[in-house]
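Throughout, protein chains are lettered first and strands after them, A, B, ... in sequence-line order, and every chain is numbered starting at 1. All values below were derived from every heavy atom in this structure, side-chain atoms included, with hydrogens, water molecules and symmetry-related copies excluded.
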2 protein chains.
Amino acid sequence: MEAVLTAAVALLDEAGGSALTFRALAARLGTGVGTIYWYVANKDELLDRATDHAIGGILAAVEEQPDSDDPIADMRAMAVTLFDAIVDRPWLSAYFMRNTDIQGNSLRLYEKLGQQTLRLDLTPRQRFHAVSAVTGVVVGTAADLGVEIPQELLDGHVDRDEFLSRFAESWRSLDATDFPFVHQIADEFAGHDDRDQFLAALDLTLAGLRLQART
Amino acid sequence: MEAVLTAAVALLDEAGGSALTFRALAARLGTGVGTIYWYVANKDELLDRATDHAIGGILAAVEEQPDSDDPIADMRAMAVTLFDAIVDRPWLSAYFMRNTDIQGNSLRLYEKLGQQTLRLDLTPRQRFHAVSAVTGVVVGTAADLGVEIPQELLDGHVDRDEFLSRFAESWRSLDATDFPFVHQIADEFAGHDDRDQFLAALDLTLAGLRLQART
DNA sequence: TCCATTATCGAACCACGTTCCATGCTGGTT
DNA sequence: AACCAGCATGGAACGTGGTTCGATAATGGA
């Protein structure tokens, strides 16, 4: 079982979501597909267990972070850790939002995040919404990244800067009166850093939360 | 072409993403799969065109909304319209984050949202981040919903309240000292409304933005 | 020694995306 | 009329992936 999960995670790490097939997994383990089906009922469960496995690592990292006296700063640190972990394992983003059944390590992570809100002067409902908002920002932003890598980039034919520049170029060529915003933004987009973008979004949400916690 | 797209959207509306196959589409159109491949190169393009088709409708709805003298309120209204449209067509959420190539109606929608930020006292970079943050919240929150519907609910065997209650129940049964947050939240979760949750997240972000625009 | 449980394996089935080629249909050219 | 190019259609066939199933070992108690 353990071996199955680590092999599954390894496949996902090496070549993304499409690389994890029962046949490939069986080959890597030197067994047949039937064996894997003895451990998991179907691919959904395999994915659930593999992601839970990976999230376990994130959870450990989050739990190492000491609490400061600013709960919101602590939430921020956790969110950043989570984001970085997803960037590191882009396939996680795809399966992060596939889970209505919050259980296992996801639940623990959720709890950990939520505990910070207990130190804020909020109603239970506000706490619930705050944690949802923060995870929403993380997942929402990270989701874009997961896909933002057309094979051109992986192949090395085109690097990221050139890729972005091409977009910026096509945006600049649009009519300036119909697309004033896109026009103004093109330069920003060309040089943008995903992590900055995430931090900006996160900080907006947390600024709103800070405001709410004071009232 | 037009007929292909409307049929594709109809299939997606009726039975979600997994229902859109070339064979099903061909059957509905009374033709063969080869014909569809004459119009689109592959499934990705089919999906892109179908979503662009659907987003066209959202764009029209957004463009009907008159500008007020509060740009942030206008952004909020747009985001809500977008959210409602995604709730109405859950399959959109899955394909919303599959698009690095912001083009067509998506681009127009992006522009529309961004134009509101032009009326705020922000740097170009802050505008860029603000729009990313808002779309991130919409997509991030809506993504959860897209999947949050296990077939049990669709079958009508179990209704939503019961489904949520079951979770709340299992959460309450956790150890209260290990899971103080989840414990406190269980009740909120049981009766929670997805739209409220979205609005809360959106308002946090917009509150942060409002703060930023004043400095 | 016997039998139930646990575990392994791979052939076979089906649905899907995709390719390919044979066939029709249209309007214009000779 | 005959012909042809290009547009358009239809569906059989291929490869891949998830999943099922029955045959078969290993294990360990009665």
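Less than 4.0 Å separates DNA chain D from at least one heavy atom of each of the following residues of residues 12-25 of chain A: L20(A), T21(A), F22(A), R23(A).
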Detail all sub-3.5 Å separations between protein N/O atoms and N/O atoms belonging to nucleotides 25-27 of chain D.
none

Write down the protein N/O and nucleotide N/O pairs, taken from nucleotides 3-8 of chain C, whose separation is under 3.5 Å; answer none if there are no such pairs.
unit_1	atom_1	unit_2	atom_2	d
dT8(C)	OP2	Y39(A)	OH	2.9

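When distances run from any side-chain atom of Y37(B) to the nucleotides dG18(D), dT18(C), dT20(D), the shortest one goes to dT18(C). Closest to the side chain of V33(A), from the set dG17(C), dA12(D), dA11(C), is dA11(C).
When only modelled atom types and interatomic distance are considered, D52(B) and Q103(B) share no side-chain donor-acceptor pair under 3.5 Å. Q197(A) and H129(B) share no donor-acceptor pair across their side chains, judged by distance under 3.5 Å alone.
dC16(C) atom C1' lies 14 Å from atom CG of N42(B), rounded to whole Å. Between the CD1 atom of I36(B) and the P atom of dG11(D) there is a distance of 12 Å, given to the nearest Å. What separates CG of L46(B) from C1' of dT18(C) is a distance of 13 Å, to the nearest Å. The distance between atom CG of L29(B) and atom P of dA8(D), rounded to the nearest whole Å, is 15 Å.
Annotation: side-chain contact (heavy atoms from CB on, under 4.5 Å) contacts of V62(A) (sequence neighbours excluded): I58(A), M78(A), T81(A), L109(A), K112(A). Contacts of R49(A) classified as salt bridge (charged side-chain N to carboxylate O under 4.0 Å, His left out), with partners at least two apart in sequence or in another chain: E45(A). Partners of E63(A) by salt bridge (charged side-chain N to carboxylate O under 4.0 Å, His left out), not counting sequence neighbours: none found. Here D88(B) pairs with nothing under the salt bridge (charged side-chain N to carboxylate O under 4.0 Å, His left out) rule; sequence neighbours left out. Listed by chain and residue number, nothing satisfies the salt bridge (charged side-chain N to carboxylate O under 4.0 Å, His left out) test with R108(B) (two or more places apart in sequence, or in another chain).
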Under 3.5 Å, which donor-acceptor pairs do the side chains of residues 172-182 of chain B form with other protein atoms, sequence neighbours left out?
unit_1	atom_1	unit_2	atom_2	d
R172(B)	NH1	D187(B)	OD1	2.4
S173(B)	OG	S170(B)	O	2.8
D175(B)	OD2	T177(B)	N	3.2
D175(B)	OD2	T177(B)	OG1	2.4
D175(B)	OD2	D178(B)	N	3.1

Solution key, residues 18-26 of chain A side-chain donor-acceptor pairs under 3.5 Å, sequence neighbours excluded:
unit_1	atom_1	unit_2	atom_2	d
T21(A)	OG1	A24(A)	N	3.0

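Pairs passing the salt bridge (charged side-chain N to carboxylate O under 4.0 Å, His left out) check and including a residue from residues 27-39 of chain A, sequence neighbours excluded, read E14(A)-R28(A). Residue pairs that meet the side-chain hydrogen bond (donor to acceptor under 3.5 Å, both in side chains) test with at least one member in residues 29-40 of chain A, sequence neighbours left out, do not exist here.
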